[in-house]
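Values below: every heavy atom of this structure, side chains too, minus hydrogens, waters and symmetry copies. Predicted model, so just to flag it, every value in this text is computed and none were measured.
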Amino acid sequence: MVTHESSTTILRKNKKVLIASLTGSAIEWFDYFLYGTAAALMFNKLFFPMVDPVIGMMLAWLSFSLTFFIRPIGGVVFAHIGDRIGRKKTLVLTLSLMGGATVMIGLLPDYNSIGLWAPALLILLRIIQGMGIGGEWGGALLLAYEYAPASRKGFFGSIPQAGVTIGMLMATFMVSLMTLFSEEQFLAWGWRIPFILSAVLVLLGLWIRKDIDETPDFKAVKQSGKLSKTPLRETLKYHWRQVLIAAGLKVVETAPFYIFSTFVVSYATGILTYEKSQALEAVTLGALVATVMIPLMGLLSDKIGRARMYTVSVIMLGIFIVPWFMLLNTHTTWGIVVATVIAFGILWAPVTAVLGTLCSEIFDANVRYTGITLGYQLGAALAGGTAPLIATALLAQSGGDWQPVAIYLGITVLISLVAIYAATRSRHCGALHTEPESLS
């Protein structure tokens, strides 16, 4: 007779695993948003004052975007290690690199102190960050997914996904605190505080991870003697279709995220008549709602099925694209709040909640780290950082008309619907077809 443990019992037994998974993801996104804010506010003044201010700002943003090119490299390197020697050891490496580089940026002397060494070291530390970040997502996800009981795969897989919005909220909170300083204090030392304080999160994450055993799935692969000697080669040769499916699943999760959380600020303040505070507060509220919704939707997916939840959520997201723009164009506070909370907090949340679990279920355990990392990074590269740029270009070309941007978002919806259709028919996706177990 099969017994089902209660949700409370399962959480109690696996709380360290879930916290360890969430911490790394939150640090990753905290760093992302924090560095972006710092680059926009003062890195051109502190590290690139030797050139024209406009060029200095471009160089600051270039250092920010550098991780989009470095992350795939880091992802491949650490995914290889993760599939060869284990998830736990790899996660210690990625978190140490990522967190250590963030703290070192906070301690880095500026251009006035050490000259050209300042921007050179900043870029070097950003490269180290990118390498660590590239391998962190896959490891953090698999730490949760591969420890999860069969009846809680969706819930466990949603926990590291919640790190996106938690990191965003932490960065927003720290930036709001930094505004309490005078500009002179902020430039002199105030900006360093959040970077240095991230050491607390890093140490917490490392402390939690040191007591966690290797994941059950990896131990099973190791004991069976089926460890892949060349995970990247095997993945590209035998699992390239699954990589493309994972990338397609990622498209509708990442492009709307940047539209609903980043592009909306420039669109609302530049084209429409909103104050910057209105847009930022709406995004913050949306992130708060999403943080609560993500684990709830992960738990619900264990009851109704991941593929079903993903499909329904993507369709609803697609239906809401036009109403989203119409609400924004009311030029009212309630309009932008309702639009952002529904799109970002309610409709996007279930998509990201099940994404990691869906991607994990389409790869065999011996190449799972490499497979999900390749798919994730490919999807992020194609539809992630480029989304605000594409939307801004479409808006400029159309003279401020939002319809081309809506069509662009609609295309991302169609791509991901094709991907989930392919996923449910893949011979590697048996887990997607099984009836979800009842939750007790």
Side-chain angles (χ1 to χ4, degrees), residues 33 36-37 40 61 164-165 168-169 171-172 175-176 179 250-294 297 310-353 382-417:
F33 292 110
T37 302
W61 279 117
V164 177
T165 50
M168 176 189 289
L169 291 170
T172 302
V175 170
S176 66
T179 60
K250 173 70 176 171
V251 166
V252 81
E253 186 263 357
T254 191
F257 169 77
Y258 285 105
I259 297 298
F260 298 148
S261 67
T262 303
F263 168 77
V264 66
V265 177
S266 60
Y267 175 66
T269 58
I271 302 297
L272 306 179
T273 57
Y274 292 96
E275 296 292 330
K276 191 173 184 180
S277 60
Q278 290 176 295
L280 292 175
E281 288 167 5
V283 171
T284 301
L285 186 57
L288 278 169
V289 174
T291 302
V292 176
M293 287 287 291
I294 289 170
M297 293 299 99
Y310 182 91
T311 304
V312 171
S313 300
V314 170
I315 291 173
M316 291 178 65
L317 190 92
I319 292 172
F320 190 68
I321 291 172
V322 172
W324 183 72
F325 279 103
M326 294 176 68
L327 283 167
L328 291 178
N329 278 269
T330 62
H331 301 273
T332 61
T333 300
W334 70 265
I336 192 172
V337 169
V338 171
T340 305
V341 168
I342 293 177
F344 184 21
I346 297 176
L347 299 181
W348 174 82
V351 176
T352 198
L382 294 176
T386 59
L389 180 62
I390 292 173
T392 302
L394 290 172
L395 207 60
Q397 190 176 29
S398 64
D401 184 3
W402 54 264
Q403 293 185 31
V405 182
I407 293 172
Y408 163 66
L409 285 172
I411 291 172
T412 68
V413 167
L414 291 176
I415 290 173
S416 291
L417 286 176

Under 3.5 Å, which donor-acceptor pairs do the side chains of residues 336-350 form with other protein atoms, sequence neighbours left out?
from	atom 1	to	atom 2	distance (Å)
Thr340	OG1	Ile336	O	2.8
Trp348	NE1	Glu253	O	2.7

>> Give me the atom names and distance for the closest heavy-atom approach of Ile271 to Gly400.
In response: CG2-O, 4.2 Å

>> Taking the side chain as everything from C-beta on, heavy atoms only, tell me whether Val283 gets closer than 4.5 Å to Val264.
In response: yes

>> Rounded to the nearest 0.5 Å, what separates atom CD1 in Ile390 from atom OG1 in Thr412?
In response: 10.0 Å

> Could you give the distance from OG1 (Thr254) to CD1 (Ile259), rounded to the nearest 0.5 Å?
Replying inline: 10.0 Å

>> Would you compute the distance between atom CG of Leu288 and atom CE of Met168 and round it to the nearest 0.5 angstrom?
In response: 10.5 Å

> Mind checking what makes ring pair (Phe, Tyr, Trp, His ring centres under 6.0 Å) contact with Tyr274, not counting sequence neighbours?
Replying inline: none

> For residues 389-404, which residue pairs qualify under side-chain hydrogen bond (donor to acceptor under 3.5 Å, both in side chains), counting only residues two or more places apart or in two chains?
Replying inline: none

>> Between Leu382 and Val251, is the side-chain contact (heavy atoms from CB on, under 4.5 Å) condition met? List the steps.
In response: CA-CA 8 Å; Leu382 294 176; Val251 166; 5.6 Å; no

> Measuring from Thr273:OG1 to Gln278:CD, what's the distance to the nearest 0.5 Å?
Replying inline: 7.5 Å

>> Can you give me the closest heavy-atom contact between Leu394 and Pro404, atom names plus distance?
In response: CD1-O, 3.7 Å

>> I'd like to check Val413 versus Leu409 (side-chain heavy atoms, cut-off strictly below 4.5 Å). Are they in contact?
In response: no

> Of all heavy-atom pairs between Thr330 and Thr332, which one has the smallest distance, and what is that distance?
Replying inline: OG1-OG1, 2.8 Å

> Are the side chains of Val252 and Ile415 in touch, meaning some heavy atoms are under 4.5 Å apart?
Replying inline: no

> Below 4.5 Å, heavy atoms only, C-beta onward: do Leu395 and Phe263 meet side chain to side chain?
Replying inline: yes

> Under 4.5 Å between any side-chain heavy atoms of Leu327 and Trp334, yes or no?
Replying inline: yes

> Between CE of Met316 and CD1 of Ile321, what distance do you get to the nearest 0.5 Å?
Replying inline: 13.0 Å

>> I need the Leu328 CG to Leu272 CG distance, nearest 0.5 Å.
In response: 6.5 Å

